[in-house]
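Just below is one structure, and these are the notes that go with it.
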Amino acid sequence: MQLTQFGASVAVIDAEGSQSYSDLDGAANAVAAALIQAGVTPGAVVATVCPAGRWWLAGTFGVWRTGGVLLPLEASHPPADLRHPITDSAVTHVLCTPDTKGLAQELAAFTGARVIDVREVVALSLAAELPSVLSDADAMIIYTSGTTGLPKGVVHTHRSLAAQCAAMVESWGWSATDRIVCVLPLHHVHGLVNVTFTPLTVGATVETPGGFDALATWERLASGEVSVFMAVPTVYSRLVRSWLDANDETKARWSAGAASLRLMVSGSAALPVSTLEQWQEISGHVLLERYGMTELGMALGNNFDRRVPGHVGWPFPGVDVRIVDESGTDVADDESGELLVRGDQVFNRYLNRPDATAESFVDGWFRTGDVAQLTPDGYRLLGRASVDIIKSGGEKVSALDIEEVFRTHPAVADCAVVGLPDEEWGERVAMAWVADGTEHPTDTDFRSWGKERLAPAKVPFRYVVVDELPRNPMGKVTKVAVRALFT
Ligand code: MCA
Ligand code: AMP
């Protein structure tokens, strides 16, 4: 990504104020020089726990200029949950700011990595000769949950990331005059590529308030300074809720501000039509819904001028899609099947998992595991092929990963995790469990035990104790029957 071409334009606005593209570029060079001095070589995996903002960006571009590979981590997740990505990708360096240094040291200990304080090394203003980095080189690893084993590292190259950004620039008309506010975390494609990297490829401005807060977000939307907003359905549903709670004067001010944006996008999980309709009443915007995946970036999206509620539109430029039945044969229009995707945006491989990589492609087409249908109004997503993949608040979690952790709880002999439909969260994680003795932890006990070991989205909200888990004649737990335990 060429930052210097945008010179004095503002790249980022964070808690410390505005930073221009040329200052960000200088900071990235200083980080790159420091990383090279600290032993980073092309292909080395460098994790970051910098908070969203200028230091996170300087760290990211600094890593890329050394030929290193970025592993973005969410600093609020428990270290126990971050251990696997760090050890699996053999992290050699961890980037932090003074605020996250303690955490960085704890995480770096998993692999004996070196800790680099980005803020400190930018101040040193070191310079170094930088390697030329090929577009096919690995750029970023994002861990994603699946139905087999531990989360897998999705490896994107500079080329696949650039293709994702270019498709969104073309489809959504990004330009240097745009400004977006980033309320999403920076360890997923949505916050990383759609909200952060894409605007930076055209010289637009990214505001990083450091997370989602409904009132603060409404104030930014009402400011008249923001032109684009993107979020998961849960965020829109929270914004609707706080609008409904506001007084008439505030409602009018917020609505007028939101109406002035040029584009509002929803994705990462199905947008309930009720939320779309409420948002339209409040802001005048028909949310543009699109469908993506960590392995692909954005694959399908509604158009600027044609947005069909309950549908996810048509393929992005450069993306080919097919829908096939169980034998791999293309289905007729209007019939449902598994969505397959091909194109330059598609990831390179699952890190250290050649078998999983091979299994997820057929003849060069990536198997999404999502069931879709092509209608005259565009594609529709009908759900996941696997019941064990749950989407909660836009976060994909694997029931099997959660079960594995809760089976280590001293009171639990066995357990089964399911997703329950929920208007605000899309799905909520729930767990049926069998006691190992007489100890019966409360839901609160289970939640706090879970939060020490798992990311927030993975910790079940509801628990039910049973004598036995429902099983089919083969002995396999029947998740439909587990779900019924909660109704
Ligand atoms: C927080 N909690 C959650 C979640 N987040 N529980 C279930 N699912 C979650 N996702 C828990 C907290 O621990 C807390 O529990 C309670 O819910 C309320 O937390 P709160 O502070 O209100 O939540 P928050 O921190 O405001 O988070 C809500 C959120 C967040 C903003 C919706 O989950 C989020 O940023 N989600 C988006 C994730 C994302 O970017 N996904 C994109 C991946 P307690 O009350 O017990 O303390 S998909 C992707 O990238 C593809 C490519 C695509 O298509 O986009
Ligand atoms: P992730 O693996 O976390 O990147 O999540 C990708 C998954 O989110 C996809 O495979 C879909 O199941 C789901 N998803 C993303 N966007 C949408 C959408 N607009 N509607 C329904 N599901 C979606």
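Basis for what follows: all heavy atoms, side chains included, without hydrogens, waters or symmetry-related copies. Since the structure is predicted, the reported quantities are computational estimates derived from the model, not experimental observations. Atoms within each ligand, like the ligands themselves, are counted from 1 in listed order.
- For a threshold of 3.5 Å applied to N or O pairs, the pair formed by E295 and ligand 2 contains no separation below that value.
- When the heavy atoms of K451, R447, E424, E395 are ranked by distance to atom 38 (C) of ligand 1, first place goes to E395.
- Heavy atoms of R384 found under 4.0 angstrom from ligand 2 belong exclusively to the side chain.
- Around atom 32 (C) of ligand 1, the closest heavy atom drawn from T234, D443, T294 belongs to T234.
- Between R322 and E338, no side-chain nitrogen of the basic residue sits less than 4.0 Å from a carboxylate oxygen of the acidic one, so the salt-bridge criterion is not met.
- Note on residues 301-344: pairs passing ring pair (Phe, Tyr, Trp, His ring centres under 6.0 Å), not counting sequence neighbours, are W172-F316.
- For atom 10 (N) of ligand 1, the nearest non-hydrogen atom of the protein is S392 O, 2.9 Å.
- Using a cut-off of 4.0 Å between Lys/Arg side-chain N and Asp/Glu carboxylate O, R159 and D344 are scored as not salt-bridged.
- Among all non-hydrogen protein atoms, the one lying nearest atom 16 (N) of ligand 2 is S268 N, 3.3 Å.
- Every atom of ligand 1 is numbered from 1 in the order shown, and the set under 4.0 Å from a heavy atom of H190 is 42 (C), 50 (O), 55 (O).
- The pair R307-E289 does not meet the salt-bridge criterion, since no charged nitrogen lies less than 4.0 angstrom from a carboxylate oxygen.
- For ligand 2, the atoms closer than 4.0 angstrom to any heavy atom of K396 are 2 (O), 3 (O).
- Tested against R349, the residues T357, T157, D138 include a single side chain to side chain donor-acceptor pair (under 3.5 Å) partner, D138.
- In this structure, atom 46 (O) of ligand 1 has a protein heavy-atom contact shorter than 4.0 Å.
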Practice item. Evaluate the salt bridge (Lys or Arg N to Asp or Glu O under 4.0 Å) criterion for residues D370 and R384: first the C-alpha distance (whole Å), next the side-chain angles of each, then the deciding distance (0.1 Å), finally the verdict. Key: CA-CA 4 Å; D370 284 309; R384 295 284 309 178; 3.2 Å; yes
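- Of all protein heavy atoms, the one lying nearest to atom 41 (N) of ligand 1 is G394 O, 2.9 Å.
- The nearest protein heavy atom to atom 13 (O) of ligand 1 is closer than 4.0 Å.
- Look at D88 and K152 and you find no salt bridge, because none of the NZ, NE, NH1 or NH2 atoms lies under 4.0 Å from a carboxylate O.
- Considering backbone and side-chain N/O of G292, one or more are found under 3.5 Å from N/O of ligand 1.
- When only non-hydrogen protein atoms are considered, atom 19 (N) of ligand 2 lies nearest to R290 O, 2.8 Å.
- With distances taken over non-hydrogen atoms, the option nearest atom 18 (C) of ligand 2 out of A269, G292, G426 is A269.
- Across the listed options L296, D370, L271, D370 owns the non-hydrogen atom lying nearest to atom 10 (O) of ligand 2.
- Nearest protein heavy-atom neighbour of atom 6 (N) of ligand 1: F461 CE1, 3.4 Å.
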Checklist line | Evaluation steps, salt bridge (Lys or Arg N to Asp or Glu O under 4.0 Å), between E424 and R241 | finding: CA-CA 10 Å; E424 178 168 330; R241 189 148 38 96; 2.7 Å; yes
Checking salt bridge (Lys or Arg N to Asp or Glu O under 4.0 Å) for the pair E427/K391: CA distance, chi angles, key distance, verdict?
CA-CA 6 Å; E427 286 180 291; K391 266 269 163 159; over 6 Å; no
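- Side chain of D325 to backbone of S327: a donor-acceptor contact under 3.5 angstrom is found.
- Considering backbone and side-chain N/O atoms, K391 comes within less than 3.5 Å of an N/O atom of ligand 2.
- The protein heavy-atom contact nearest to atom 4 (O) of ligand 2 is T294 OG1, 2.6 Å.
- The protein non-hydrogen atom at the shortest distance from atom 33 (O) of ligand 1 is G393 O, 3.8 Å.
- Among protein heavy atoms, atom 35 (O) of ligand 1 sits closest to P185 CD, 3.3 Å.
- Within ligand 1, counting atoms from 1 as listed, the ones closer than 4.0 Å to a heavy atom of V189 are 50 (O), 52 (C).
- Ranked by closest heavy atom to atom 19 (O) of ligand 1, the top entry among R428, R238, E295, H187 is R238.
- The contact set between ligand 2 and E289, taken as ligand atoms under 4.0 Å from a residue heavy atom, comprises 18 (C), 19 (N), 20 (N).
- The aromatic rings of F361 and F347 sit parallel to each other, their planes meeting at less than 30°, with 60° as the upper class boundary.
- For atom 21 (C) of ligand 2, the closest non-hydrogen atom on the protein side is A270 N, 3.3 Å.
- Listed by number with element, the atoms of ligand 2 under 4.0 angstrom from any heavy atom of M293 are 4 (O), 6 (C), 10 (O).
- Nearest to atom 49 (C) of ligand 1 among the protein's heavy atoms is S268 OG, 3.9 Å.
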* W64/H158 under ring pair (Phe, Tyr, Trp, His ring centres under 6.0 Å): CA gap, chis, key distance, verdict -> CA-CA 9 Å; W64 285 346; H158 293 277; 5.5 Å; yes
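- Counting non-hydrogen atoms of neighbouring residues, nucleotides and ligands closer than 6.0 angstrom, the CD atom of E423 reaches no more than 12 such neighbours.
- At a heavy-atom distance under 4.0 Å, only side-chain atoms of V312, from C-beta outward, approach ligand 2.
- Within a 4.0 Å radius of atom 29 (C) of ligand 1, the protein has no heavy atom.
- Heavy atoms of K391 come nearer than 4.0 angstrom to ligand 1 in at least one pair.
- Not a single N or O atom of M298, backbone or side chain, sits closer than 3.5 Å to an N or O atom of ligand 1.
- Here R453 does not pair with D81 in a salt bridge; the nearest charged N to carboxylate O distance is not below 4.0 Å.
- F406 and H409 have parallel rings, their planes meeting at less than 30° on a 0 to 90° scale where 60° marks the start of perpendicular.
- Considering only non-hydrogen protein atoms, atom 54 (O) of ligand 1 sits nearest to R290 NH1, 2.8 Å.
- At most 12 heavy atoms of other shown residues, nucleotides or ligands fall within 6.0 angstrom of atom CG in D363.
- Between A430 and L420, the closest heavy-atom pair is CB-CD1, 3.6 Å.
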Show me the donor-acceptor pairs, under 3.5 Å and distance only, between side chains in residues 479-487 and residues at least two apart or in other chains.
from: K479; atom 1: NZ; to: D388; atom 2: OD1; distance (Å): 2.8
from: K479; atom 1: NZ; to: E403; atom 2: OE2; distance (Å): 2.6
from: K479; atom 1: NZ; to: V417; atom 2: O; distance (Å): 3.0
from: R483; atom 1: NE; to: G419; atom 2: O; distance (Å): 3.0
from: T487; atom 1: OG1; to: A484; atom 2: O; distance (Å): 2.9

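- Residue contacts with ligand 1 do not include K396, since none of its heavy atoms lies under 4.0 Å from the ligand.
- For the pair R220 and W218, the cation-pi criterion (under 6.0 Å, within 45° of the ring axis) is not fulfilled.
- Looking only at side-chain heavy atoms (C-beta outward), V63 and T48 stay at 4.5 Å or farther from each other.
- Of all the heavy atoms of Y291, none lies under 4.0 Å from any atom of ligand 1, so neither backbone nor side chain is involved.
- A heavy-atom separation below 4.0 Å is not found between G191 and ligand 1.
- Numbered from 1 in the order shown, with element, the atoms of ligand 2 that lie under 4.0 Å from a heavy atom of T144 read 2 (O).
- Ranking the protein heavy atoms by distance from atom 39 (C) of ligand 1 puts H188 CD2, 3.5 Å first.
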